[in-house]
Amino acid sequence: MRVLCVAEKNSIAKSVANILGGGQVKRRDTKSKYIKNYDFTFDFGGYIGTAQVTMTSVSGHLTEASFPSEYNSWSSVPQDILFDARIITSVSKNANVLADNIKKEARNATYLYIWTDCDREGEHIGMEITNVARISNPQIRVIRADFNNLERKHIIQASKRPRELSKDAADAVSARIELDFRLGAIFTRLQTLQLQRAFEILQSKVISYGPCQFPTLGFVVDRWQRVEDFVPENFWSLKLVDKRERQTVNFTWKRNRVYDRLAAILFLEHCLDAKVAKVVKVNQKPTRRYKPLPLSTVELTKMGPKFLRISSKKTLELAESLYTNGFVSYPRTETDQFDSGMDLHGIIGKLTPSEDWGTFAQGLLDGNFRIPRKGKHNDRAHPPIHPISFVHRSALQSQDHWRVYELITRRFLACCSENAIGAETIIELQMGDELFSQKGLIILERNYLDVYPYDKWTGTGQLPAYQVGEEIMPNMLNIIDSVTTSPSYLTEPELIALMDVNGIGTDATMADHIEKVQEREYVVKRKKRGAATEFVPSSLGIALAKGYDEIGLEWSLTKPFLRKEMEVQLKNIETGHLDRDALVQMTLSQFRDVFHLTKQRFDCLKNSCRLYLIELNEG
DNA sequence: GCAAGGTC
C-alpha cells in the first residue's frame, strides 16, 4: 500500500512527515529547491492500514487562468468578448516542476491524501493537486486531512480520520478566480486603451482595474475629499480650575463645546451667578487596561507601520522570513485565539534566555501566567502569530528583522500576562446648571505593560480629596476659544482597518493591494511631519475615482460594495446555498451593464482626467 | 501590458 500525501507548502509537509514518520523519515530532493519529498512508513489504521508514505507539497496554487492566445491583442479584441471567452486553466510556469513531481509520485500510489490548509483556498488547491495526480494515475483515491494546527496528537488523530475535499469551497474559489480574471482584463484594457489615446502623459501607463485595488484607491480618495472639504469652525468651551493641596485641577465642561460665542457667554454668566460650585459626585472605581489579543496577520500589518515605521508589505515579508527560519509561527493567519491545547508554557520557557524580556518570561512561569484572551476569529488553519524559538539580535539578518521578531514576541508575552490594573477617580462639579468633571488615574499594577511598550497607559496621578456636597469657589472660570482642526490623510493602519471591515482582500493580500495602487501611481505615500506616513491620491487616482462617480453607476467601481457583496455570495457557495455557475453568470451580467455604461459615458472619465491631470496641474 | 489568491 502506497499513500501520497500533499501539503500546501513545504513547512507543513516537513512537520507532518516528522510527526507521522516518528524520526524514521528519509528526505529526497526534488527539482524545486523549496520542495522536498519525505518517505516513511505509517499505520493509518482503518481501511488503509500500514502504508509506504511519501509526503510532499506544492507551493500555493498550481494553476492559473488565461485566455486562448487569439484574445491576447489588446487593440484588436473588443473587450466585451472577454465576458464569454473560453478560459484556459493550466499549471503556471513556475509550478511545472511541482506538478511533475506529483505526477511521478502519484503513479504507484493507491491513495492521494490531501494536506492543504483547511481554508477555502486550501480546498481549491486540493482539487488542483487531484487533477494533476489523476493525469498519471486516474484510479487514485482521494481523501483529505482535517487539521488546524501542527500538534502531534492532533495530526495523528487527523491522519486516521480523513474526510472528503469540499467541492463547494473549491467552487467558491473557482468563481472568484474567473470573475477577478475576466473583470480585471476587461476593465483594465478598456481604461488603459481609451485613456492612453486621449492623454499623452498616460501613454506608457497601465491603468489597471482590480476589484480590490480600486476600492483601496477609493478609501484614499474619500479621505482626501474630507480633508479638501474641511472648513475650520470656531468653537467655545468653559474651563474651571480649582487649586488645592498645591495641585491645579482642571475641570472640563460636560457640554464639551458650543459653536456659538454668545451661547458660551450665557452659560458662563449662569455659572457666575451661582457663585460657588458644588461637588456632586466623587466616584472611585478600580479600572484596568486589557492586554492585547493574540496576534493575527491584519493586526501585525497594522502594527508594523504604526510602531516600527515599516510598511505593511515589508512587515509581512520580514515575518515570512522569520517564519522560514523557524523563529516565529506561520504569519498568515486570521486566528486571534490560542487553542486550549497549545503548550504556551513551553514557548515562554524558550524565551527566558533573552536579556530584553527573559526576566519577564521567567516571572510568567513562576506564577504570573494568565490564559490569553480570545478574539472572535478562528480560521481553523493556523494559530495566532507567536514566537517558536529564541534568537539573539545579532543572529538575525537585519535590525528590522529583529524589530518584527521583538514585536511578535512581546505581543505573545503580553497575551500571557495579567491585564494592567489601575484606580480611577471621577469628580463632578455642578455650578448653576452646568456640570464639570475631571478624571484621575493611578496605575497600580503595570503587568503586561512592562513587556509591551507599544501600549501606553499614562496615569494622571492622584487627585486631591473632594467630598460630595462640598462647595468650592473656583480659582478660575472662563471661556476658551478654539478652532476645529482638519482631519488628516489616511494612514496605513487606518487603510488596512477599512479594507478589513469591508472585506477587501485577505489578511495576506491587503499589503499587496496597497503596494499595487502605489505602483500604478494612483496613490502616493507621503511622510508626515514627525515620521508617520500617510496616503494621498495622485491626480490620476482622484481623476479615476471622480470620473467613475460621474458615470452614475449604482455602485461606483471605487466603492467597496461590489466586492463585499461578492464575498457574501462566495460564502453562500461555500455553504452549499448557491450554485457556482449561477453566481458567475449573475455577476458577469451585472458587470456587463457596468461595462456598457462606462463605455458609453467614458467622457466622464476623460473630462475628469482633463481636469485633474491637466487643468488643475497647470497652476 | 490585465486580477487576486496561494507561496519562497
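Labels below follow one simple rule: chain letters A, B, ... track the order of the sequence lines, proteins then strands, and each chain is numbered from 1. As the structure is a computational prediction, the values presented were derived from the model and not from experiment.
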Quiz item: Taking the nucleotide of DNA chain B with the closest heavy atom to each, which residue, Cys212(A) or Gln196(A), is nearer the 5' end?
Solution: Gln196(A)

Quiz item: If you find the nucleotide of DNA chain B closest to Leu82(A) and the one closest to Met510(A), which residue's nucleotide is nearer the 5' end?
Solution: Leu82(A)

Integer-rounded Å distance: [N] [atom2] and [X] [atom1]:
X	N	atom1	atom2	result
Arg197(A)	dG1(B)	CZ	P	19 Å
Leu179(A)	dC2(B)	CG	C1'	15 Å
Glu128(A)	dT7(B)	CD	P	12 Å
Asp512(A)	dA3(B)	CG	P	12 Å
Asn10(A)	dT7(B)	CG	P	13 Å
Phe214(A)	dC2(B)	CZ	C1'	12 Å
Lys36(A)	dC8(B)	NZ	P	13 Å
Ile177(A)	dC2(B)	CD1	C1'	16 Å

Please tell me whether [X] and [Y] have a donor and an acceptor in their side chains that are separated by less than 3.5 angstrom.
X	Y	answer
Ser538(A)	Glu521(A)	no
Glu123(A)	Ser166(A)	no
Glu299(A)	Ser296(A)	no

Any [X] side-chain N or O less than 4.0 Å from OP1/OP2 of [N]:
X	N	value
His513(A)	dG5(B)	yes
Thr509(A)	dG5(B)	yes
Arg332(A)	dT7(B)	yes
Thr188(A)	dA3(B)	no
Arg520(A)	dA3(B)	yes
Tyr330(A)	dT7(B)	yes
Arg563(A)	dA4(B)	no

Using the side-chain heavy atoms of [X], tell me which of these nucleotides is nearest: [options].
X	options	value
Pro211(A)	dC8(B), dC2(B), dA4(B)	dA4(B)
Arg176(A)	dG5(B), dC2(B), dC8(B)	dG5(B)
Glu320(A)	dG6(B), dC8(B), dC2(B)	dC8(B)
Glu121(A)	dG5(B), dC8(B), dG1(B)	dG5(B)

Practice problem: Not counting sequence neighbours, which residues clear side chain to side chain donor-acceptor pair (under 3.5 Å) with Asn607(A)? List them please. | Solution: Arg610(A)

Would you indicate what [X] reaches in the nucleic acid, counting non-hydrogen atoms under 4.0 angstrom: base, sugar-phosphate, or nothing?
X	value
Gly122(A)	nothing
Thr192(A)	base
Tyr209(A)	sugar-phosphate
Ser59(A)	base

Quiz prompt | Ring geometry between Tyr113(A) and Trp115(A) (parallel below 30°, tilted from 30 to 60°, perpendicular above 60°) | solution = tilted

Quiz item: dA4(B) base stacked by Phe181(A)? Criteria: ring centres under 5.5 Å, plane angle under 30°.
Solution: no

Quiz item: Looking at residues at least two apart in the chain, or sitting in another chain, which of them share a ring pair (Phe, Tyr, Trp, His ring centres under 6.0 Å) with Phe67(A)?
Solution: Phe181(A)

